[in-house]
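I have placed the structure first, in the form of structure tokens, so that the comments after it can refer back to it.
FYI, side chains are in, hydrogens and waters are out, and symmetry mates aren't considered; it's all heavy atoms of this structure. Owing to the predicted nature of the structure, the values given are computational and were not obtained by experimental measurement. Chain letters run A, B, ... following the sequence lines, proteins first and then strands; every chain starts at 1.
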Amino acid sequence: MTCEPWSRRRQAIVLIDGNNFYASCEAVLDPAVLGRPLVVLSNNDGCIVSRSAEARALGIRMGQPYFQVRRELERQGVVVRSSNYALYADMSQRLMATLEPWVEALEIYSIDEAFGQLSRPADQRSLHDWGRQLRHHVLCQLGLPVAVGIGSSKVLAKLANRLAKTTASATGVFDLGSMDDPDPHLAAVAIEDVWGMGRQLSRWCRLRGVADAKALRDMPSGELRRRCGVVGLRLQQELRGMACLPLETLPAAKRETCVSRSFSQPITSQSELREAVATYLSRAAEKLRRQQQRAGAITVFVRSNPFNGTSFYSNSATVSLPLASNDTAVLLQAALPLVAVLFSPHKPLHKAGVLMQQLQGEETLQHNLLLPLPLEQQHRRTALMATIDQLNRHYGSGTVQWAAAGLQTPWRMRRSRLSGAATTRLDAIPVVRA
DNA sequence: TCTGGGGTCCTAGGACCC
DNA sequence: TCTGGGGTCCTAGGACCC
């Protein structure tokens, strides 16, 4: 394991993330909801996945099924929105572009989070003021509130970010790296809230009396290694101020790509399942082309409803392609026969998905002499796919689709409370009247 | 009636080889 | 009854993340 000793580093790692990101994006689009409790629902309007500060204050829980609290939300006047991923992805791009000039290197970690690297001033002065200016800038540019955590490793930056949100005096910025004695702050973070400690590992720690970040940092390494492997060991080193997790400024090529959805109502016929799988597969093929990758194998999986008490059914099947491809027609031909294998007439299905596996870069094709089509035809197929992708990007997803994906699709996702596309479609731009 | 979706990394164990 | 040792590759499953 290669870790850099903290003492030799002047580098600071910063973690910037959007507060209640989806809920905040909705408020940017519709300022009338600012200050009101608002929640955003998952796909199919299933669960609550984001809450405004006001909704949180009402005690609404993350991940709560919507149908259980719907009445209560109505009673309390909570604004409810379906997920609008086009909006969040666009706001995310704007956020990352805004952050870029503020750091020496930026790693986009998730839709609402980025790690940054910057040099600490020679006198080890706090970066608190820098953080406050950054917050102010983002708020002015995008209307999004962010929190800024600073430390000497990613794990410490994450921890500081949490402290930035939970410490009343922090006002959204926390610099662990410039403190004389950070221990009381580490001790204030529960073990469950340490990045990398999930339910299982936290429970194991608790049983050993390790209840907070400081205790985890100071527990015997050997014991941690035996239970948590190198992952646990790295985590501990990071807590000790040794940067083990490098900043990944270039996104790594994906190893697999998945498209899956729950159905808005159970699927009971093979033809419907076929249409659903074809739909997801077309989306996955689009993703592959955008990522400039081809799949060498496809797995299709199905499952019944795990919640309704009937016997749970889950199954999957995999097919290998003789030659890796991202041509929708080729992938459909290979994968659709799996539907007959997975479908069972007496098992209503709740969810299905496709996994694109054994991904490889597009450039490898040129070196392959076993092309299924003459080179010229191959080029025409590529051009066709590119045209379809362009049409769907420009006129909206699903403008051009394969017949196998079907037109009558009662199982399709429910999104009853969707906000508009003000940042990505010209015809949806809000109009300001004087 | 109604309970999300999309990833990564690591490890253990089996198959296979010399 | 005794039944090697070491390596690679692959896969399934667990655990975690947002």
Side-chain angles (χ1 to χ4, degrees), chain A residues 1 15 17-22 39-50 61-71 73 80 82-85 88-89 92 107-115 154-155 158 161-162 191-205 225-235 244-245 248 251-266 280 283-284 287-288 291 293 296-297 299 301 303-309 312 314 316 318 320 348 350-359 410-411 413-417:
Chain A
M1 192 160 56
L15 177 73
D17 75 344
N19 299 349
N20 320 319
F21 187 67
Y22 295 174
V39 298
V40 177
L41 305 177
S42 65
N43 280 334
N44 258 325
D45 294 347
C47 300
I48 290 167
V49 293
S50 182
R61 288 207 320 276
M62 191 75 170
Q64 179 125 44
Y66 176 47
F67 76 93
Q68 288 176 358
V69 288
R70 184 183 192 153
R71 282 285 159 76
L73 298 186
V80 179
S82 302
S83 295
N84 186 345
Y85 287 108
Y88 312 145
S92 174
E107 172 188 338
I108 298 171
Y109 178 67
S110 77
I111 192 161
D112 74 329
E113 273 176 280
F115 286 102
K154 282 183 164 180
V155 169
K158 267 276 197 189
N161 179 278
R162 166 161 284 275
I191 190 78
E192 292 79 12
D193 295 333
V194 175
W195 187 42
M197 297 301 292
R199 261 222 307 273
Q200 304 296 326
L201 299 183
S202 298
R203 204 170 52 194
W204 177 80
C205 283
R225 161 89 224 219
R226 273 190 297 282
R227 175 63 176 85
C228 308
V230 296
V231 177
L233 213 52
R234 263 200 298 254
L235 176 53
C244 303
L245 304 168
E248 318 263 3
K254 290 207 186 307
R255 301 153 64 94
E256 52 183 45
T257 281
C258 173
V259 173
S260 76
R261 296 279 184 282
S262 297
F263 309 127
S264 55
Q265 49 185 275
Y280 303 162
R283 275 290 303 139
K287 279 192 184 181
L288 287 181
Q291 292 160 198
Q293 287 181 311
T299 294
F301 64 87
R303 61 189 59 158
S304 66
N305 191 336
F307 298 105
N308 65 2
F312 181 61
S314 163
S316 70
T318 303
S320 289
H350 172 78
K351 178 175 180 175
V354 298
L355 255 131
M356 297 288 162
Q357 296 162 308
Q358 294 172 25
L359 302 191
W411 44 267
M413 183 160 88
R414 188 167 42 230
R415 290 206 288 181
S416 61
R417 294 158 173 275

Which residues pass the ring pair (Phe, Tyr, Trp, His ring centres under 6.0 Å) test with A/Tyr66, sequence neighbours left out?
none
Looking at every strand, decide which applies to A/Ser264 at a 4.0 Å heavy-atom threshold: base, sugar-phosphate, or nothing.
nothing
Quick one: are A/Leu233 and A/Cys228 in side-chain contact, heavy atoms under 4.5 Å?
no
Segment of DNA chain C, first to last nucleotide, that comes within the 4.0 Å heavy-atom reach of chain A:
C/dA15 to C/dC18
Nearest-0.5 Å distance, CG of residue A/Leu288 to CD of residue A/Glu256
11.5 Å
For A/Phe307, report the nucleic acid contact type (base, sugar-phosphate, nothing); a contact means any heavy atom under 4.0 Å.
base
Classify A/Asn43 by what it touches in the nucleic acid, base, sugar-phosphate, or nothing, heavy-atom distance under 4.0 Å.
sugar-phosphate
Which whole number of Å gives the distance between the C1' atom of C/dG4 and that of B/dC16?
16 Å
May I ask you to decide if the ring planes of A/Trp195 and A/Phe115 are parallel, tilted or perpendicular, using 30° and 60° as cut-offs?
tilted
Check whether any side-chain heavy atom of A/Lys154 lies under 4.5 Å from a side-chain heavy atom of A/Leu15, and answer yes or no.
no
Closer to the 5' end of DNA chain B via nearest nucleotide, is it A/Pro266 or A/Lys254?
A/Pro266
Would you please test A/Ser416 and A/Asp45 for side chain to side chain donor-acceptor pair (under 3.5 Å) and show each step?
CA-CA 7 Å; A/Ser416 61; A/Asp45 294 347; 2.9 Å; yes
Mapping A/Cys258 and A/His350 to their closest nucleotides on DNA chain B, which lands nearer the 5' end?
A/His350
Indicate, with a heavy-atom threshold strictly under 4.0 Å, whether A/Asp45 touches base, sugar-phosphate, or nothing.
nothing
Heavy atoms, side chains only, cut-off 4.5 Å: are A/Leu41 and A/Ile48 in contact?
yes
Can a side-chain donor-acceptor contact be found between A/Ser110 and A/Asp112 if the only test is distance below 3.5 angstrom?
yes
Base-pair map of DNA chain B as dot-bracket, where | denotes pairing with a different strand and pairs are Watson-Crick or G-U under 3.5 Å:
....||||||||||||||
Taking any heavy-atom pair under 4.0 Å as a contact, classify A/Leu41: base, sugar-phosphate, or nothing.
nothing
Going by side chain to side chain donor-acceptor pair (under 3.5 Å), A/Thr257 matches just one of A/Gln291, A/Lys287, A/Gln357. Which one?
A/Gln291
Across the strands shown, which category fits A/Glu113 at heavy-atom distances under 4.0 angstrom: base, sugar-phosphate, nothing?
sugar-phosphate
